[in-house]
Structure formats: C-alpha cells, structure tokens
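This report concerns only the one structure given below.
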Number of protein chains: 2
Amino acid sequence: MLEALLDKLNKFHPLSPELTERIRAVATLVTHPAGDIILREGQVCNKACLVIKGLARSYYIIEGRDITSRFMDEGFIITSWISYYTQQPGNEFIEALEETTLICIHYTDIQKLYTDFPEFNIIGRKQAEYGFCMAEQRTQILRKHTAEEKYKFFLDNHPTLLQRVTLKNIATYLGMNEETLSRVRSKFHKRKD
Amino acid sequence: MLEALLDKLNKFHPLSPELTERIRAVATLVTHPAGDIILREGQVCNKACLVIKGLARSYYIIEGRDITSRFMDEGFIITSWISYYTQQPGNEFIEALEETTLICIHYTDIQKLYTDFPEFNIIGRKQAEYGFCMAEQRTQILRKHTAEEKYKFFLDNHPTLLQRVTLKNIATYLGMNEETLSRVRSKFHKRKD
DNA sequence: CGGTCCCATTGACATATGTCAAGAGAATGC
DNA sequence: GCATTCTCTTGACATATGTCAATGGGACCG
C-alpha cells in the first residue's frame, strides 16, 4: 500500500534507495470511518496524507456558515495547507465523507527529509507548485458569474464527485446555497432532454 | 538594485557565494511604463519577476468580463503562476498600473538553478508554499457572504492598495461590480462618522 | 415494522446585487 | 485652455439568489 505514495513521489522526481527506505520508515497507514473529523479548527495540522481510498472534505465555519473549501479523493493530499506550512492553528476542519484510508507523514519527519535529502526539496517544490495551480483553479469557480456556470464548471471538472458528495456540500463549495443548486440542476438537466 | 532580490531569497534560505554569483548573472532589470501590458493571454509566461517599485495587476477575460485575479506591488512576484509552472499558454493578462521596475529571471535559467544548485529547490519550495497560502487567502475573500464583508476584508488586508488602484479594479477583484462597491463604500464610511 | 433523521426538491417571498443610464469632477492630451 | 476621457457616484429598475417553510423519499436504527 505504501507503494502508492512512493509511485506518486517518484513521478515528481526519482527516489534514491536510501530516500525510499526513509520514507517507508516514517509513513504510517491510517483508516478513518465515514463521518470522522480528521482535523479540527484551532489545531495545528502536523501531517500530510495521501488518500489511498475514500473521500474527505475540508471546510470552515464563518458567520455560522459551513463553507466547503476542498474535496480530496484518491490520489490527492489531505492536509490543511496554511496550517501545515505555517505550523499555526488553522480555521479548517477536515471530515471523512466515506471510510478513508490514508498514508500519513508527520510534519517534523517531512522537514527532516528536506534537510537530510536535498533532492526531496525538488519533490516538495513540485508538490507545492501543483497545489498552487489547483488552488488557483478552484478560485476560478467562485469568479464565475452565475450559479449555472459554477455548476457547469463543477460538472466538467469533477464529474465523479457528483455521485459521492451531498448536494449541500457541493453548494457550499460553489458559493451558493442548497436550494439554489437544486434549482440550477433541475433547469440545467431539463434542457438536456 | 539586485540586492533586493538576493535579500528576499536569502530570507528563504542562505545563498552560497556561487549561487549568488549565478543569480546576479541571470537576473535582469526591466522597467514598464504605466499601462504597459507585461503579459498577454495566450502567451507562455517564461519568467518570474520581483517588483522593486510600482504595481501591477493580473486579470483575465471571461464572458466579456474583466476579472482581476491579483495585485502585485513592491516585494511581490509578478508571474502568471499556472502558465509559468506548466509552461503552457495561459489566460491571464498582466498590466502595469504604475511605472513598474522589475528584476526578472527567465524560466529556463531558474530551471538550471534548480539542477545546478540543489539548495535552490529549498527556496523554490518555500516560495511556492508561500504563494499557495496567499492564493488560499485570496480565495477566502470570494467566499465571504456579502459585498460589505468582502470590502471590509480588503480594507483590513490591503489598506495601502486602496489609494493606488481604481475602484473598478478592486470591484472585479472582489467579485462584484463597480456600482455595488461604490454603494457599499458610501454606506460603510457613513457609519464611521 | 414504525419512527426518526437526513437529503433533495419546490413554492412564496424578501433582498442583495446587477444593469442601464446620467452626471459631476478630475485627469489627460492635443 | 478646451475637449476628451476616465473615475466615481447616484437613481430607477430588473433579476438572481437567499431565506423560510413544507413535503416526500430514502436510509438507518431500535
């Protein structure tokens, strides 16, 4: 199972045998049941985890509203980026939406990897660059003008998530409320007949 | 003037004399007059530039609307991140809002720095991590519920920009139109009397 | 099997924001 | 120095989305 992580890292940059060994030594497998809160607001996020199986969402609460910031399924990294990078308490929750199996590495272990294996910084850099691009892309959804365009964008970019996530969570991800999304959907799919 | 760049990089990670020398060799100073388009939609962004003096904004056009994605002033990096990282044509324009002086390094030179100086990846990683956090923060503006909250957030986080940027550009940055911003401001500042 | 919860939909209505138009003032250019 | 833009504001009105409430269908659980 650890192979999934090694594969992913290898695609960023080839891992030496020594580095591979060290990663094996510090990576741990965890499974969260559906509904589990993996990280809470106010905590420092001290690990980064690859999703092997399952699905989670990150969200935060602002003025009493639950706002979904990200969905993370197989192949993606679960962490609360700002809290992780700055090692300060963050405002994000992370919640398992399905039973979710993760390979986790602690922040301090990752920092040691950076200092002990300079080439691991290449991987860290490319991962951060990738995450950055994804973040910019997510932002573009919120800049769409109408609810319908946001929904269309979601359909085009996350077709599989639609079956796995409640519409309420999708709605808060798209910056609208549940009822609006429901109406947009009925109008949108009616036209397709 | 190059010192500003070296200072910034040094704060991420100490630069060896050799690395410092190489950076000096590849960095170039450029000045754009106000109104200049530094990058156009459809181009590949092949450099990253530190703003020494001046101010620019990146924007893109979607369904005929001009949407500001970022403001970049002194100390910040000007580049079109997705296009830069992927080296694919992007959809962003970058426009100098004031006369703007930059220290630029070409993408290929940066890549050579990564391969020739492994520790330069530490700097690249930390810069990407920082940019990622900034991107997440920008996104939070768009998730605010009302126009007034968005404006308040902008006031708190970019107080100096208000004097340097037209309200129209701020409005598109905040995901509202010019008139709405104007009304929010008059209501908001009236209360302060 | 019946009760309870959660999810999604729909209706009626309220309201925030967008749109279109006009105008005043400042900045810019010939 | 005058004309021309541009910026910002304001008004009247249109409309998209939010809010509140009710309903029906599943899923889950005792």
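Source: prediction; values computed, not measured. Reminder, nothing fancy here: chain letters follow the sequence lines and each chain counts from 1.
Rounded to a whole Å, the CG atom of N177(A) is 13 Å from the P atom of dT9(C). Atom-to-atom, CG of L181(A) to P of dG18(D) comes out at 10 Å; the value is rounded to the nearest Å. Computed from coordinates, the H189(B) NE2 to dC8(D) P distance equals 13 Å when rounded to whole Å. Rounded to whole Å, the distance from CG on L142(A) to P on dT17(D) is 14 Å. Distance CG (L162(A)) to C1' (dA8(C)): 13 Å, rounded to an integer number of Å. Rounded to an integer number of Å, the gap from CE of M176(A) to P of dA8(C) is 14 Å. The CD atom of E148(B) sits 18 Å away from the P atom of dG18(D) (whole-angstrom rounding). Atom P of nucleotide dA16(C) and atom NZ of K150(B) are separated by 14 Å, given to the nearest angstrom.
Contact between the side-chain N/O atoms of S186(B) and the OP1/OP2 oxygens of dT9(D) is not found at any separation under 4.0 Å. The phosphate of dT17(D) has neither OP1 nor OP2 within less than 4.0 Å of any side-chain N or O from T180(A). Within the 4.0 Å cut-off from OP1 or OP2 of dT9(C), at least one side-chain nitrogen or oxygen of R185(A) is found.
Axis deviation across the helix from dC1(C)-dG30(D) to dC30(C)-dG1(D) amounts to 40°, comparing end segments of five pairs, rounded to 10 degrees.
A continuous path of hydrophobic side-chain contacts links V165(B) to F153(B) [ILVMFWY only; heavy atoms under 4.5 Å].
Legend: side-chain hydrogen bond (donor to acceptor under 3.5 Å, both in side chains) pairs involving residues 33-43 of chain B, not counting sequence neighbours, sorted by first then second residue: H32(B)-D36(B).
In this pair, F154(B) and H158(B) present their aromatic rings tilted. The plane angle is within the 30 to 60° band. Ring planes of F93(A) and Y59(A): parallel class, angle under 30° (limits at 30 and 60°).
In this structure, the nucleotide among dT17(C), dT10(C), dT10(D) sitting nearest to the side chain of R183(A) is dT10(C). Closest contact between the side chain of T166(B) and the listed nucleotides dT7(D), dT17(D), dG18(C) involves dT7(D).
Sparse packing is recorded around NZ of K168(A), with 12 or fewer heavy atoms of other residues, nucleotides or ligands lying under 6.0 Å away.
Applying side-chain hydrogen bond (donor to acceptor under 3.5 Å, both in side chains) to Y151(A) and the options R185(A), K144(A), K187(A) leaves one that passes, R185(A).
Within the 3.5 Å criterion, the main-chain N or O of K47(B) finds a donor-acceptor partner in the side chain of T79(B).
Each of H145(A) and L167(A) lies near DNA chain C, and the nucleotide nearest L167(A) is the one positioned closer to the 5' end.
In this structure, a donor-acceptor pair under 3.5 Å is present between the side chains of E92(A) and S69(A).
Annotation: proximity of residues 55-72 of chain A to DNA chain D (heavy atom, distance under 4.0 Å) is found for R65(A), numbered in ascending order.
For E178(A) and dC7(C), a side-chain-to-base donor-acceptor distance below 3.5 Å is absent, hydrogens and geometry of angles not being considered. Donor-acceptor pairing under 3.5 Å, judged by distance alone, is present between the side chain of E179(B) and the base of dC20(C).
The cationic atom of R57(B) (NZ for Lys, CZ for Arg) does not lie both less than 6.0 Å from the six-membered ring centre of Y173(B) and within 45° of the ring axis.
Note that CD1 of I122(A) is 12.5 Å distant from CG of L9(A), once rounded to the nearest 0.5 Å.
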